[in-house]
Every structure is written in C-alpha cells, then in structure tokens.
Amino acid sequence: MTMMTPSPLEQQEDEEMLVPHQELSTADAAQPMEVVAQTEPTNTAESQAPEDPQTSRFTWTIENFTRVSGKKHYSDVFVVGGFKWRVLIFPKGNNVDHLSMYLDVADSGNLPYGWSRYAQFSLAIVNQIHQKYTARKDTQHQFNARESDWGFTSFMPLSELYDPSRGYLVNDTVVVEAEVAVRKMIDYWTYDSKKETGYVGLKNQGATCYMNSLLQTLYHIPYFRKAVYHMPTTENDMPSGSIPLALQSLFYKLQYSDNSVATKELTKSFGWDTYDSFMQHDVQELNRVLCEKLEDKMKGTVVEGTIEQLFEGHHINYIECINVDYKSNRKESFYDLQLDVKGCRDVYASFDKYVEVERLEGDNKYQAEQHGLQDARKGVLFLDFPPVLQLQLKRFEYDYMRDTMVKINDRYEFPLQLDLDKDDGKYLTPDADRSIRNLYTLHSVLVHSGGVHGGHYYAFIRPTLSDQWYKFDDERVTKEDTKKALEEQYGGEEELPQVNPGFNNTPFKFTKYSNAYMLVYIRESDKEKIMCNVDEKDIAEHLRIRLKKEQEEKEHKKKEKAEAHLYTIIKVARDEDLKEQIGKNIYFDLVDHEKVRNFRIQKQLPFNSFKEEVAKEYGIPVQSQRFWLWAKRQNHTYRPNRPLAPHEEAQSVGQLREVSNKAHNAELKLFLEVELGLDLRPIRPPEKSKEDILLFFKLYNPEKEELRFVGRLFVKALGKPSDILTKLNEMAGFSPNEEIELYEEIKFEPNVMCEHIDKKLSFRSSQLEDGDIISFQKPSIPGGDTQVRYKDVPSFLEYVHNRQVVHFRCLEKPKEEEFCLELSKLHTYDDVVERVARQLGLDDPSKVRLTSHNCYSQQPKPQPIRYRGVEHLLDMLVHYNQTSDILYYEVLDIPLPELQCLKTLKVAFHHATKDEHQAFEE
C-alpha cells in the first residue's frame, strides 16, 4: 500500500487506507501498554534485507457468524516467529458499512516497555464457492505499544459479505485466513540508503510509488539520463512548468544528493494537482506519455531521436491467404510490448502466443481485394527489437462474469538472459536483419504488491548490470540478491506449514500477491553504449548553479531550524502597515501580522539592541520609539494592549517573549508608535498616563464603499467624542464643522458587532480603552440625490463580512475558471442560480444545476446539489471544516426539478461469439 497512516478515516475506494483499529468510542479505545524492545541489531544494510522470514498461515472458521454478539470478535491465538498473534474483526463494521479486520498482537498488554515487531501479512475472507474470488488484502507494519493492531477498517462491503450468493457466508459460516511473515526488525529512522548502497530513493507524495519505480528505472538507464541532461533548458525556466527541467533537476539530485528526493516539481510539471498525487495512475500510460512529451521536447535539439533509438521497435501485422496469392502487411512501431500472463508459463510462452497464427475461416473469412472471402492466416512477426526492451505483463484483466477488473497472480517466469533469436528466429520476419543478435540481459523488475483496487509498487534494478541487485522502495534503497529480484517475483503459489493445532501438518499452498508487472531488458550488443558514464560535464552549467543554490538554501534552512531555539521572531506593525492594509487586504481589526516586517533576533540579545536594529531599518531614533504589546481579546479581536514599561525594555528579547506569552500572544508581536513634530520628524513620545487612551480611527465613504485608516489619537478617559470632532474632520479632510457619526468596531466573528457612539458621553462611559477602533462618516441623508447601497458603517461591515466572490467553472471543464460573481453568503439557493442564469443569458434559472467543490481532492463532488437542497450560498461552499470559493455549473435540457423525478436505467449485454461487452445508461 502506498498510504499507511494511523487514522480511523476512510480513504478513496480504490486506495484502501491501512489503519490501526480505532473505535470512535473513547471508552473502548486501546490504552497505552508496557512493552519490550527487540534485541536484534537494526542499523545495517543487512537488517534492511533480512534472511527469509518465518511465515505461517492461520485459518479461522467462524460458525453461526450472524449470531456473533458484541461489536468486535477475536480469533484464537496463534504463534508465528515466536510471537503471539490473533485476528480481530468487527462483524458489523468499525463505525463503517464495511467489515473491519486487523492483525493484533495478542499479548501486547503483558509485554515490557519498548517492544516492537515487524511483520508482512495478508488478511482474507475465503470465497467458499469460488476460491479465486477470495477477498484478500496485504500490507506490512511495525507493531508497537501505540499500534498493537493494524489492518483494514473498510475490508469489504457488508452487503457483499452477508449476501449468501456471493460465497463468503455459507451455512452461516465465514472462513478467515491470515498469512503472517515475521521479519527481522528494521530501523527505518537510522537507515542511510546512500551510505549502505550508494543510491537514494524518491519520496512518496501519497500514492506515487508506481511513478517512483518507473523514474528509478529510467534514471538507471545512463544513456537516457545523459539525453535528459542535454535537453536545452534555460535559467529562466521553472521546474514546475517544464518537464525537461524538472526531470533534469530530479536526476541531478538522485545522482548527487545524500537524501531521498522529492518529486513534487515533476508532478506539477505534468499538470497534476495534489489530488492527482493521491491517485494511482496506470504505469504504462505514464511511461508512454512521459516518453512522448520528452520526444516532442527533444525535436530540433542535439538529442532528437533518443527515445526512438532506445525504446522503439517494429513489428509486421500480416494476413496471408491460403488458397490465392494475396498477402497484406502493415508495419507498426512500439515502445513497449504487452505480454499475456494468463495461460503462459514464462516470457517465451508469451512471445509464442504473441506471434501465434490465427486461422480466418468459416464465418470469419478474410475479405481479400479482388478475391472475395478467403481462408487466411493472420499474425504478427517482429521486424526489429529495440536496444531497451520494455515488457508490460498483463497482470490485470476484465472479468465479464463479475463485471470488474481482477488481478492475475499466476506464476510467470522471466529469465536473466532473454534470447529472442531462439529457434532460428521464429519471432522475426524473414526479411529482418539477422546480423543483429537479439540477446538481452535483465535490467529491472517492477513489482506490484496487492490487489486490483490498490497496492504498493517498487523496483529491483541492476544499475551496472552486475550480479548485485538493489530494491528501490520509495525513500529506501536496499541491497538484494538475484533470487529476491527474480524467483520471488514470479508470483503463483507458495507452500507454507499449517499452524492450527489439531490439523494435519502437511504443507499447503497460498497465493503470492507480490509479483512482477513490468520488465526492462537491455540488448547485450548495445550494453556498452547504453550503460555509459554520466558525470557533471553532461549537466548544463545553469542547472548546476541553480541546484547548488537550492542546496545552499536547504542547508541554510536546516541550520535555521537547528538554531531556532536560540532565536525568536518579532513582528513589528507600524502606522504605514495599517494604511496599506485597511480597506485593501483587511476591513476588520487593524493589521495582518503575516504581512508586516519580521525580525529574527537572538533571545539573549537585550531589547535595547533590537531597538537599534529598528533604528537602522526605519531611520527612527531609538529615543523616538515606543513599542506596544498586542493582545488577543475574549471576542477574538487583536489590538494593541499596552506600551512596554522601561524595566521590560531593559530585559532580553527572550525574557520579553515570556511576558508576551503570558499575555496569550503566540508570537512576540509589537506595534511601533512614532510621534512626529511640527517638522514631521520623529520626536520622543510623550508620557502616557492612566487617563490617556490610544484610539485608532477609520473613515467610511458610503458613496465609494470605501473604508480606510486615517490615524490614531490619544484621548482623555473623561473626555468626550465631541472634543475631538474638529481633529477627526481634519484627519478626514472635511471642513472643521462637518457633522460626523461615530461607531465602535467591537467584533466580527461569528457575527459583526458595530455600535453607534454617543458623542455626549465620555470615552470611559462608552467603555472605550487602549486599542479600540472608531469608524466615522458623514451622516447619511434620507432621500438624498445619491443612492448608496450601504448607508452606514455597520451595514457596510455586515456586507463585507458576508461578501463572497465565487469562481464558477463548467462541470465539463473542471480545471478552467469561466467567470466570477460577487455574492453574499446569505444568498438563497434561488438567488444564486438566478445570478448564474443571468450571467449565462438563460431565461430559466431552474435549468442551472450546481455542484460543490471538494477542498481536499480539488475536484467537483460526485453528487450535484439538489434543487433547493441547501438554504444559503455558504452551505454550498462549506466542505467539512473548510470553505471553498469554487462552484461548478451545468446547463440542463430540462428543468432540474423535472430531471430529479426521472430514474436512471443501466443496460449491459455480452456478445458470446464475438467476446464483446458493452454497457450504456438511459
């Protein structure tokens, strides 16, 4: 599996999440247990590639299954590798509508502190009617006190399990199988792939192990890597927008980095978003698309034709009449070959089947030009094979009876040396060039472990074609032997001793779900050319400079992280920040601290030394600086609370940080108060008494719908707003006697609270204090000449609070934005579709159907919004705890209410003689 996270949440259906069993009821949740550490050595390459594991199978027959009481049910204890295990099931599901099944350490509660054990295992529900339809899933896990069980919360749908016709529940009996292989414990945390093997791995983005195995295979074809390095790119290119540069960067890091390499830049260059990285794609398709894109980018360059030279072969499709002299030939090229696995013993048997002659006779005669219907022979022969031969093994096929894809786990052998000239070149056309010896040596084996709905991918590669194999498994690279790379990847069945007491001990077989699905061979005669030397002189200078700079930045960040405990971040907000942000980026509160100047200061530095740095940065003398601490109030607003006292400024930055934390600030955030003299130069701030209150002022213009910061003032607590009206008019640019209305901005979450201020009451009576915000405006004139939408500050802030710009996309083109509409979160369903219809020029809004956006997958939700199925726009945009600003629309042929009354009928048929299968919906 490509994702193994200890979480009870379900994953996408086609990628099962592996989880330790966690019930939603905390009363039954697993408690911490004391456990013991393993004594085996761990920090070596040998421990990564351990000897053959101790493996056994356990069969658990559960009679009277439907009568099992209790939420969970344990099997008897069985022993594998000297450890006690048991199977845990939830017959009715662990808070899901699937059977939940886990492997559990039976004696975890009695083990001493620090215990740990590593196991590869599979769990299965046996199909008692058709063995081949047995439901099986496999994984691996390092068991410990926190995760003493591991498995599948959604193993199989309960509807399938409890359906007697499916074969899983027969005579009220269910048969569970557990295959467990206990391996030597691996210390993943301290293992160093580069040190142990000389190679590094690729990081998994979520479900990109299939891509990682392919990229490692291509990287270890040196001629291909050299060609990628020689593709023209420039220093102005961005890796995320250029596949050649992204691949060059990736290959360079694989060659010279000491740690595993990320693939995000490459997947971004593919045009993938985060969701695509969590979906398993088809490896063959990815290989073809990647090669096609590179082939196109190589045109007109020094490496033009490299892809064809390496991977392109040709075969001839022929039809030859038996009774008349007529033959039809068609030459086709290929970059890889798909070989049948089912019914074939090995690669040679697949090639025999590939070139097998088909007789066209009876009702299936061939229509030959000028000869009418004729008996004929139809087949394929190869004109030439490429230097690098890629063989895709058809491990997956469609099962018509079950109407689903199934995996073929049959044994399928492949040789270390592949001779395609055998039997006098029976795979070749008569006119093929026989001077080229088609003898190949195996370069890499790509493996899939799991079932049709998900699994894990990794690769065994011989980077130098020596006897030493390496396993490239995402971030980890380990040394392996030939048996591991070849024989153990054939698939098929393996014999294991029975574990259950009371049964006979004769060996029995079980299916191996890890097997090869792609093989890469290199022609012996081209080996020297393909396995060439690649060094720094093959890499463009701008790429070396770019990547060296990236490495330096990475080291710098690493150093900063290591020294982070010695420093603190001080965020300084000034009047200029308030003027810049209010009315543009923000409307409520005073400033966004993420957009103000940050100072990284040593904690031991005296605060006065920090003030000197501020003086250098802003040109403000130290004696003219006064700093205020910000405080988060109970109503979730954030305001300057009080100025720093002289004794606080005498402390170190670290000591002041502790004071800040006591004030419930997550970081040391400061407001820099600077007072200006008549000559507009900074002066020493006047002493602040207890009667002085620092207020901040915003001006609202109803006609322009504009709110902006105009300044701050100190007022006396017993003074009245009427005392400062002249000053406020001056700040606003009004005439001195202009009548103005004042409002206090109190809070904005979850609702806006903005109250009118009585100008005749004192500031203290109005409960105003340091850091409060007053917004003022000219009074609105009822029935005036100018019509305004929001006549006063409260109504404008209410509008801003609920304002939502929604980006609409056509459902058929979910990646492309078509238009934006400014709406209110309080708009009803009818309001929204009416606005969309107006934008699209539709007369009937009921023909508009909307679909919400999934914030996690960055895709439309699978089900559209039903007609009047939600009350407000906000309901359409909320996805769990996130709010989106994207909606998808469709224009229907009939009104949505009418469409919802219709039923969908799926029709499928199978043509027995033509072996065709089709399905359609009405």
Residue pair Ile773, Phe588: steps toward the side-chain contact (heavy atoms from CB on, under 4.5 Å) verdict: CA-CA 9 Å; Ile773 301 171; Phe588 304 100; over 6 Å; no

Stepwise side-chain contact (heavy atoms from CB on, under 4.5 Å) test for Tyr256 and Gln551: CA-CA 11 Å; Tyr256 295 104; Gln551 187 61 32; over 6 Å; no

Leu826 CG to Leu873 CG distance, which is reported to the nearest 0.5 Å: 9.0 Å

For residues 713-727, tabulate all N or O donor-acceptor pairs below 3.5 Å that involve a side-chain atom, not counting sequence neighbours.
from   : atom 1 : to     : atom 2 : distance (Å)
Lys716 : NZ     : Asp692 : OD1    : 2.7
Asp723 : OD2    : Lys720 : N      : 2.9

Ser652 backbone acceptor or donor facing Gln655 side chain under 3.5 Å: yes

Euclidean distance, Leu547 CG relative to Ile539 CD1, rounded to 0.5 Å: 8.0 Å

Ring centres under 6.0 angstrom apart (Phe607, Phe627): yes

Check: Glu594 main-chain N/O paired with Lys571 side-chain donor or acceptor under 3.5 Å: no

Side-chain touch Leu668/Leu629, heavy atoms, less than 4.5 angstrom: yes

For Asp258 against Asp192, the heavy-atom pair lying closest together: O-OD1, 4.4 Å

Side chain to side chain, Ser249 and Glu265, heavy atoms closer than 4.5 Å: yes

Test side-chain contact (heavy atoms from CB on, under 4.5 Å) applied to Leu656 and Phe610, step by step: CA-CA 12 Å; Leu656 189 58; Phe610 163 68; over 6 Å; no

Exceeds 12 heavy-atom contacts within 6.0 angstrom, atom CD of Gln623: yes

Gln581 versus Val596, closest heavy-atom pair with distance: NE2-CG1, 4.1 Å

Using distance only, find each side-chain donor-acceptor pair of residues 750-762 under 3.5 Å and give its atom names and separation, not counting sequence neighbours.
from   : atom 1 : to     : atom 2 : distance (Å)
His756 : NE2    : Glu741 : OE1    : 2.6
Asp758 : OD1    : Lys760 : N      : 2.9
Lys759 : NZ     : Glu739 : OE2    : 2.9
Lys759 : NZ     : Ile740 : O      : 2.7
Ser762 : OG     : Ser765 : N      : 3.0
Ser762 : OG     : Ser765 : OG     : 2.8

Atom of Leu676, atom of Pro682 and distance for their closest heavy-atom approach: CD2-N, 3.8 Å

Non-hydrogen atoms of Gln625 and Lys611 that approach each other most closely: NE2-O, 3.1 Å

Identify every side-chain donor-acceptor pair in residues 556-564 under 3.5 Å, counting partners at least two apart or on other chains, and give the distances.
from   : atom 1 : to     : atom 2 : distance (Å)
His556 : NE2    : Glu560 : OE2    : 3.1

Side-chain donor or acceptor of Ser766 paired with backbone N/O of Leu768 under 3.5 Å: no

Asn701 (side chain) donor-acceptor with Glu706 (main chain) under 3.5 angstrom: no

Mutual orientation of the aromatic rings belonging to Phe696 and Phe709 [parallel < 30°, tilted 30-60°, perpendicular > 60°]: tilted

Value rounded to 0.5 Å, distance of CD1 in Ile683 from CG in Leu678: 8.0 Å

Residue list, side-chain hydrogen bond (donor to acceptor under 3.5 Å, both in side chains) with Arg684, at least two apart or on another chain: none

Candidate list Lys791, Arg789, Arg803, test salt bridge (Lys or Arg N to Asp or Glu O under 4.0 Å), partner Glu705, passing option: Arg789

Close side-chain approach of Leu590 to Ile582, heavy-atom, < 4.5 Å: yes

Flag if over 12 foreign heavy atoms under 6.0 Å of NE2, His636: no

Residue pair Val674 / Asp575: nearest heavy atoms and the distance that separates them: O-OD2, 4.4 Å

Thr233 and Gln248 side chains, donor-acceptor separation under 3.5 Å: yes

Glu550 and Tyr252: side chain donor to acceptor below 3.5 Å: no

Any donor-acceptor pair under 3.5 Å from Asp772 side chain to Leu695 backbone: no

Worked check of salt bridge (charged side-chain N to carboxylate O under 4.0 Å, His left out) between Arg642 and Glu648: CA-CA 12 Å; Arg642 64 175 179 83; Glu648 291 176 323; 2.9 Å; yes

Ser193 (side chain) donor-acceptor with Val477 (main chain) under 3.5 angstrom: yes

Check: Phe748 main-chain N/O paired with His801 side-chain donor or acceptor under 3.5 Å: yes

Under 3.5 Å: donor-acceptor pair, side chain of Asp792, backbone of Ser780: no

Gap between atom OH of Tyr587 and atom OH of Tyr799 - 0.5 Å precision: 7.5 Å

Closest contact, heavy atoms only, Leu728 versus Phe776: O-CZ, 3.7 Å

Heavy-atom donor-acceptor pair, Lys747 side chain to Thr637 backbone, under 3.5 Å: no

Side-chain donor-acceptor contact under 3.5 Å, Asn608 with Glu612: no

side-chain hydrogen bond (donor to acceptor under 3.5 Å, both in side chains) against Glu552, all qualifying residues, sequence neighbours excluded: none

Geometric cation-pi criterion, Arg476 with Tyr191: 6.0 Å, 45°: no

Derivation of the side-chain contact (heavy atoms from CB on, under 4.5 Å) call for Glu617 and Phe599: CA-CA 10 Å; Glu617 177 75 14; Phe599 294 85; 4.0 Å; yes

Cationic N near anionic O, under 4.0 Å, Lys595 to Glu580: no

Criterion side-chain hydrogen bond (donor to acceptor under 3.5 Å, both in side chains) on Glu576 and Tyr618, from CA distance to verdict: CA-CA 11 Å; Glu576 288 79 358; Tyr618 296 126; over 6 Å; no

Rounded distance [0.5 Å steps], CG in Leu823 versus CG in Leu874: 12.0 Å

The single option from Arg712, Arg681, Arg626 passing salt bridge (Lys or Arg N to Asp or Glu O under 4.0 Å) against Glu675: Arg712

Identified salt bridge (Lys or Arg N to Asp or Glu O under 4.0 Å) counterpart of Glu769 within the set Arg639, Arg633, Arg764: Arg633

Backbone of Val793 reached by a side-chain donor or acceptor of Gln777 within 3.5 Å: yes

Flag if over 12 foreign heavy atoms under 6.0 Å of CD, Gln767: no

Partner residues of Phe697 under the ring-ring contact (aromatic ring centres under 6.0 Å, His included) criterion, sequence neighbours left out: none

Interatomic spacing from CG in Leu266 to CG in Leu245 - rounded to 0.5 Å: 10.5 Å

